[in-house]
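The figures here come from the full heavy-atom set of this structure, side chains too, leaving out hydrogens, waters and symmetry mates.
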Amino acid sequence: QWLEMSPLLPVLCAAGILGSFNALNDGLYTALGRADILLRVVVIEKIALVVMIIAGMFFGLLGIAYARLAAQVFSFVLRVHQQKKVMDVSFMFWARSFMKIIFAGMVMIVAVVLLQSSLADFSLTFRFPIVVSIAIMSFFICLLLLREGIVFKLRDTLYGFGRKKM
């Protein structure tokens, strides 16, 4: 019965990923004291979402899922465009900033898919902690190999908890 929903999942996952990036940008406007820009962006994106969902309804559930994805892409482009106005940050700067993290996320997804197929014969209670642990480790190891600064800041922060300040 749930098998019919499988074509929707990749589309909704992609929309969710973009939604996460969009949510990251919301705090920026609030921190800069520009909630007025955030309000305008949210109103415009909700209007666009309603229009796209109505258009997607003519193509069934998959059409609605693609409409949601299209709305998230529109919202992402709108937010990056507004970000450029507020902070003089271009899309290319933004993309370069997150490229290593996106790549590490893709490595983690590949690791999960390979592990799930390799451990398919084992019970979920055995498989789940192994897959989650290796997925997290693969993500951070990839970031370490790519020399992503956030990992070193995290390491220094965690290392600092064990030391007493004098």
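In this structure, V110 is not a member of the same hydrophobic cluster as I136, with clusters built from ILVMFWY side-chain heavy atoms closer than 4.5 Å. The hydrophobic clustering, which links ILVMFWY residues whose side-chain heavy atoms are closer than 4.5 Å, places I134 and L114 apart. I64 and V73 fall into different hydrophobic clusters, defined by Ile, Leu, Val, Met, Phe, Trp and Tyr side-chain heavy atoms under 4.5 Å apart, directly or through other members. The hydrophobic clustering, which links ILVMFWY residues whose side-chain heavy atoms are closer than 4.5 Å, places L38 and L78 together. Connection of F76 to L12 is established within a shared hydrophobic cluster, with ILVMFWY side chains joined at heavy-atom distances below 4.5 Å, either directly or through further cluster members.
Panel note: side chain S75, backbone A71; no donor-acceptor pair is recorded below 3.5 Å.
Within the 4.5 Å cutoff, the side chain of Y66 has no heavy atoms near those of the M52 side chain.
For the residue pair C142 and V107, the shortest heavy atom distance occurs at SG-CG2, 3.9 Å. Minimum interatomic distance between S138 and A111 (heavy atoms only, all atoms of both residues): OG-CB, 3.9 Å.
Screening R34, Q82, E45 for a side chain to side chain contact (heavy atoms under 4.5 Å, CB included) with R40, the sole residue that qualifies is R34. Under the side chain to side chain contact (heavy atoms under 4.5 Å, CB included) test applied with V41, the options I44, I37, L39 reduce to a single match, I37.
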